[in-house]
Amino acid sequence: MESIAIPIAFQVLLFLSLGVAFILGSTWIITTLRFYAHLRKLANGKDKDRPTEPLALPYAVPWLGNYIGLLIDQASFWAKMKKTLGPNHQLCTTRMGPAKCYIITGGQNIQAIFKMSRHLSTDPIERQILKSVFHIPDRDIDIVQQPARDDKGKATDMGKRNRKYDIEKIYENFLLAPRAVNMLTRKFLDVFGEALDQAPEILPLPEANSREAEWATVNFYEWLKDHMFTASTTAFLGSRVLEMNPDLAKDLWTLDEQFLNLVYGLPRFLARSGHEARDRLVNSASRWLDDAHNHGNIENSEDWDPYFGSRFFREKEKMDQKMGLDTKSRAGIKLAFLFAISSNAIPATGWMLLHILTSPTNILSRILSELRSCLLPNDDNNNTTTLSIAIPDLLTPTRTPLLHSLYTETLRYHVAFSLSRDVKSRCTIDGHLLLPGNTIMAPSWMMHRNNDLWTDPPADIFYPERFLATDEKTGEVSFSTAATGGGRYFPYGGGAHICPGRVFAKQEILAAVARVLVGFEFEFVDWVETGTERVVGKKSVDGRGFPGHKKGSMGLGVMAMEWDARVRVRRRMLGSG
Ligand code: HEM
């Protein structure tokens, strides 16, 4: 029996393999021929006066199209796409499973997307995230996304009386207004400073002025991220939430790692840790909301209270209650905000500090001298870490030009997200017709890391001074955003859905960098595997061994670090260099 079964199995396998190879090969040949025929037609200038279908990228796998290539390695996919399209085309389509996807690059096209909010929508992607990641039922998402109504109750795009309008008002008044955002930054900085001062892992300053503080050894990013999470969560959600849920940070970072698995709807048995972390988080946030309603006062107009936290969250909770959402949905929405608050600003701060601490050109001393000019005088003989940073000074680019340039470069280099919109109604970009029912993807990587747009040094080099300009007459060096225009730089997205946390995020990142550098001295030890002491890179601070981006973290915002730095750290005597 066996002697017959093996050849049959082999024949079946061979037959299947040939079948698959035939399907892949013929799909690739057909889509490639179609691509070049279309390219020639466009080059001949036919149809030049009327909108045309965009070029369709060749692919090998029917139905899935380029989905797999994009999932496996985005950077290589974008590079290959750029080569295939050549210099004259910046818009194409590809099949991504059930939907056709328009991939859009080029400064003018990106700017066009930001101006076309009437034709484009984020509702489907928002629904997917709220449902799959934060467990909000469709019924409540329908309420959240209820369309605008005009005075006669008719659905309209332009009406102001919709949920989105209410949330825009809350953003404007309690997240973007200078008073609100300064208060949030102040609270963040106070709690962050306190957390660092009381950190048990770092030894206290000695009593006598003459002796230096003792060194401790920590994994740098892990150390930073826990203290920053405590500070930003307390500033936004109050102090009770962490007292009630000491594992909140752990669960949120698990959710961060598992985010895409949940977005893609992987079942529990394939993404157990993500599902479990999400369930615990929703329960924790529900208990926190119940406690806040029982003990706090939602009508309180104070800037901050321990139960609800910021005025922003109190107003958001009032809005969610008014819409009739149940506790779990309201908790899920607050979690989505907590996720947005933590998942980008904290790694951005980590990257920025790692670049400073391991810089081959020693920018630390220059940054420190900028920061020292932002310290408020303290009355304890400069022998304490009770630091007070003047936030308005820190945010003034003329005082801290290098810090501003480094921040801008950090977001250029380490942010990679795919701006995503659904086409609501027929529209045209760059002479090409976009049809409703399809999606748009505009990868920031194609602009931020494009060597044709960023030269001297090229885009793939991290250059802290990139955004500094020298006045030819006076020789004065200043921070300049001239190179960020024209749709080539958009770390916070743009148009109607531009990130509403962008002002706070910048203030938080700069304040955290300042507080860490003026409060502590560091000595690099080794590059280590995250969460362990296992050495991964070269023992070097001259740029070698610097972590790359963790696989799979591209496309979502600030990319994750491949590994961490082991450092010696001690409290800085304020007088020391
Ligand atoms: C370095 C830090 C941050 C980065 C790089 C970042 C980036 C982004 C990006 C790229 C988008 C999509 C924009 C678009 O589609 O056009 C976005 C949306 C959003 N961000 Fe941020 N973000 C950061 C920090 C924050 C913070 C601190 C908050 C909250 C306080 C926040 C809240 C949001 C919200 C609510 C949205 C959805 C807006 C909408 O769909 O209308 N983000 N962010």
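Start at 1 and go down the list; that is how both ligands and their atoms are numbered.
Scanning all protein heavy atoms for the shortest distance to atom 30 (C) of ligand 1 gives Ile341 CG1, 3.5 Å. Taking atom 22 (N) of ligand 1 as the reference point, the nearest protein heavy-atom neighbour is Cys499 SG, 3.1 Å. Nearest protein heavy-atom contact of atom 16 (O) of ligand 1 is Arg421 NH2, 2.8 Å. Scanning all protein heavy atoms for the shortest distance to atom 2 (C) of ligand 1 gives Asn344 CB, 3.4 Å. Given atom 13 (C) of ligand 1, the protein heavy atom at minimum distance is His497 O, 3.2 Å.
Contacts of Phe490 with ligand 1, taken as heavy-atom pairs under 4.0 Å, are absent altogether. Residue contacts with ligand 1 for Tyr171 involve side-chain atoms from C-beta outward but no N, CA, C or O (heavy atoms, distance under 4.0 Å). At a heavy-atom cutoff of 4.0 Å, ligand 1 is contacted by both the backbone and the side chain of Tyr492. Neither the backbone nor the side chain of Glu126 comes within 4.0 Å of ligand 1, counting heavy atoms alone.
Comparing Ser342, Ala345, Gly501 against atom 28 (C) of ligand 1, the shortest heavy-atom distance belongs to Gly501. The option from Ala340, Pro500, Ser418 that lies nearest to atom 19 (C) of ligand 1, judged by heavy atoms, is Pro500. Looking at Pro491, Gly557, Gly495, Gly493, it is Pro491 that brings a heavy atom closest to atom 7 (C) of ligand 1.
Contact analysis puts Phe236 in contact with ligand 1, with a non-hydrogen atom separation below 4.0 angstrom. Residue Arg502 places no heavy atom under 4.0 Å from ligand 1. Under a 4.0 angstrom heavy-atom cut-off, Phe312 registers as lying outside contact with ligand 1.
Taking every heavy atom of Ala505 and a limit of under 4.0 angstrom, the matching atoms of ligand 1 come to 2 (C), 24 (C). Close approach of ligand 1 to Phe337 (heavy-atom distance below 4.0 Å) involves ligand atoms 35 (C).
Note on Lys82 versus Asp452: salt bridge recorded, some NZ/NE/NH1/NH2 to OD/OE distance being below 4.0 Å. Look at Asp247 and Arg280 and you find no salt bridge, because none of the NZ, NE, NH1 or NH2 atoms lies under 4.0 Å from a carboxylate O. With respect to Asp303 and Arg179, a salt bridge is recorded, a charged nitrogen being found less than 4.0 Å from a carboxylate O. Between Asp142 and Arg127 there is a salt bridge, since a side-chain N of the basic residue sits under 4.0 Å from a carboxylate O of the acidic one. Contact check on Lys334 versus Asp320 returns a salt bridge, with a Lys/Arg side-chain nitrogen under 4.0 Å from an Asp/Glu carboxylate oxygen. Comment: Arg314 does not engage Glu317 in a salt bridge, judged by the lack of any side-chain N to carboxylate O separation of less than 4.0 angstrom.
Of the options Leu335, Asn283, Leu255, a side chain to side chain contact (heavy atoms under 4.5 Å, CB included) to Arg278 is made by Leu255 and by none of the others.
If you check the side chains of Arg287 and Asn245, you find a donor sitting under 3.5 Å from an acceptor.
In the displayed structure, His293 atom NE2 is contacted under 6.0 Å by more than 12 heavy atoms of other residues, nucleotides or ligands.
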- When you look at Glu315 and Lys318, which way does the side chain to side chain contact (heavy atoms under 4.5 Å, CB included) test go after all the steps? CA-CA 5 Å; Glu315 295 302 321; Lys318 275 196 237 173; 3.3 Å; yes

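Residue Phe504 has no nitrogen or oxygen atom sitting less than 3.5 Å from a nitrogen or oxygen atom of ligand 1, judged on distance alone.
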